[in-house]
Peer 1: 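I'd like to ask you about the structure that follows.
All figures in this text were calculated on a predicted structure; none of them were measured in a lab. Count residues from 1 along the sequence.
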Amino acid sequence: MQRTFKSKIGILTHILLLITIILLFYSMWIKSIIFLVIMLIINVLFVPSFIHTEYIFNNNMLYIKSGYLPVIKIKLDTISEIVSHPKKNSLFTTNPIKRYALSSDQIILYCKDNRRIAISPYDKEGFIRETIKCNPNIKITK
């Protein structure tokens, strides 16, 4: 059975989106083509991940999707630990490319192949329950 969790979107992400949209209109107002093209590219790349970041459970797999970033596929039996309230400095423990979290209220998935993936499901407890239902051997650290 497939279950989908949407990403929680933090205030910083909202602010970044608002700034890029304001700069887009500002570039049109000052009639700067180069600045306009740059802001269009940033918005085209940023907005889909803002809208379409989701975590999907299907057939003992977790699919992590975010805009144009590649879909990450994780077998649920390879997840060894979930840290549900990471320390503030743990934002730097994951590869920024592999951060599929749009909020600072995130969890980190530790896999047996030494991968660490930061995600921010809106329903953290439901996400953890669904993960444990599929793999009861996962260690949960709060």
Peer 1: Given Leu24 and Ile22, is the side-chain contact (heavy atoms from CB on, under 4.5 Å) satisfied, shown in steps?
Peer 2: CA-CA 5 Å; Leu24 177 66; Ile22 289 170; over 6 Å; no
Peer 1: Please check: side-chain N/O of Lys124 versus main-chain N/O of Ser84, any donor-acceptor pairing under 3.5 Å?
Peer 2: yes
Peer 1: Quick check on the hydrophobic clustering: are Leu45 and Leu69 connected, directly or via other members, by side-chain heavy-atom contacts under 4.5 Å?
Peer 2: no
Peer 1: Taking the six-membered ring for Trp, is the centroid-to-centroid distance between Phe57 and Tyr63 below 6.0 Å?
Peer 2: no
Peer 1: Step by step, work out the side-chain contact (heavy atoms from CB on, under 4.5 Å) result for Lys112 and Ile79.
Peer 2: CA-CA 6 Å; Lys112 292 177 184 173; Ile79 298 174; over 6 Å; no
Peer 1: Does Lys8 reach the side chain of Asp123, with side-chain heavy atoms less than 4.5 Å apart?
Peer 2: no
Peer 1: Distance from Lys65 atom NZ to Glu54 atom CD, nearest 0.5 Å?
Peer 2: 5.0 Å
Peer 1: Classify the side-chain pair Ser7/Ser120 by whether it contains a donor and acceptor separated by less than 3.5 Å.
Peer 2: yes
Peer 1: State yes or no: do Ile30 and Leu36 share one hydrophobic cluster built from I, L, V, M, F, W and Y residues joined by side-chain heavy-atom distances below 4.5 Å, directly or via other members?
Peer 2: yes
Peer 1: Would you compute the distance between atom CE of Met39 and atom CD1 of Ile34 and round it to the nearest 0.5 angstrom?
Peer 2: 14.5 Å
Peer 1: Is Ile108 close to Ile117 at the side-chain level, that is, under 4.5 Å between some pair of heavy atoms?
Peer 2: no
Peer 1: For residues Asn43 and Pro48, report the shortest heavy-atom separation together with the two atoms involved.
Peer 2: O-CD, 4.0 Å
Peer 1: Working note: Lys6 + Thr53, criterion side-chain contact (heavy atoms from CB on, under 4.5 Å); need CA distance, chi angles, decisive distance, verdict.
Peer 2: CA-CA 6 Å; Lys6 293 289 186 182; Thr53 298; over 6 Å; no
Peer 1: Hey, any chance Leu17 and Ile9 share a hydrophobic cluster, counting ILVMFWY side chains that come within less than 4.5 Å of each other, even indirectly?
Peer 2: yes
Peer 1: For Asn59 and Met61, indicate whether the former's side chain and the latter's backbone hold a donor-acceptor pair under 3.5 Å.
Peer 2: no
Peer 1: Should Tyr68 and Ile64 be regarded as members of a common hydrophobic cluster, given that ILVMFWY residues are connected when their side-chain heavy atoms come within less than 4.5 Å of each other, either directly or indirectly?
Peer 2: no
Peer 1: Dump the intermediate steps for side-chain contact (heavy atoms from CB on, under 4.5 Å) on Lys139 and Ile82, then the final yes or no.
Peer 2: CA-CA 6 Å; Lys139 176 184 171 189; Ile82 296 176; over 6 Å; no
Peer 1: Does the gap between the ring centers of Phe127 and Tyr122 come in under 6.0 Å?
Peer 2: no
Peer 1: Decide yes or no on salt bridge (charged side-chain N to carboxylate O under 4.0 Å, His left out) for Asp77 and Lys75, but give the supporting numbers first.
Peer 2: CA-CA 5 Å; Asp77 57 355; Lys75 289 184 179 179; over 6 Å; no
Peer 1: Atom OG1 of Thr131 and atom OH of Tyr55: how far apart are they, to the nearest 0.5 Å?
Peer 2: 12.0 Å
Peer 1: With the 4.5 Å side-chain cut-off for hydrophobic clustering, are Leu16 and Val44 part of the same group?
Peer 2: no
Peer 1: Is a side-chain donor or acceptor of Asn60 paired with a backbone partner of Leu76 at a separation under 3.5 angstrom?
Peer 2: no
Peer 1: Backbone N or O of Tyr110 within a donor-acceptor pair of the Ser80 side chain at under 3.5 Å?
Peer 2: yes
Peer 1: Rounded to the nearest 0.5 Å, what's the gap from OG1 on Thr20 to CD1 on Ile38? Could you check?
Peer 2: 13.5 Å
Peer 1: With rounding to the nearest 0.5 Å, note down the distance linking CZ in Arg115 to CG in Leu109.
Peer 2: 9.5 Å
Peer 1: Once rounded to the nearest 0.5 Å, what's the spacing between atom CD1 of Ile74 and atom CG of Asp113?
Peer 2: 8.5 Å
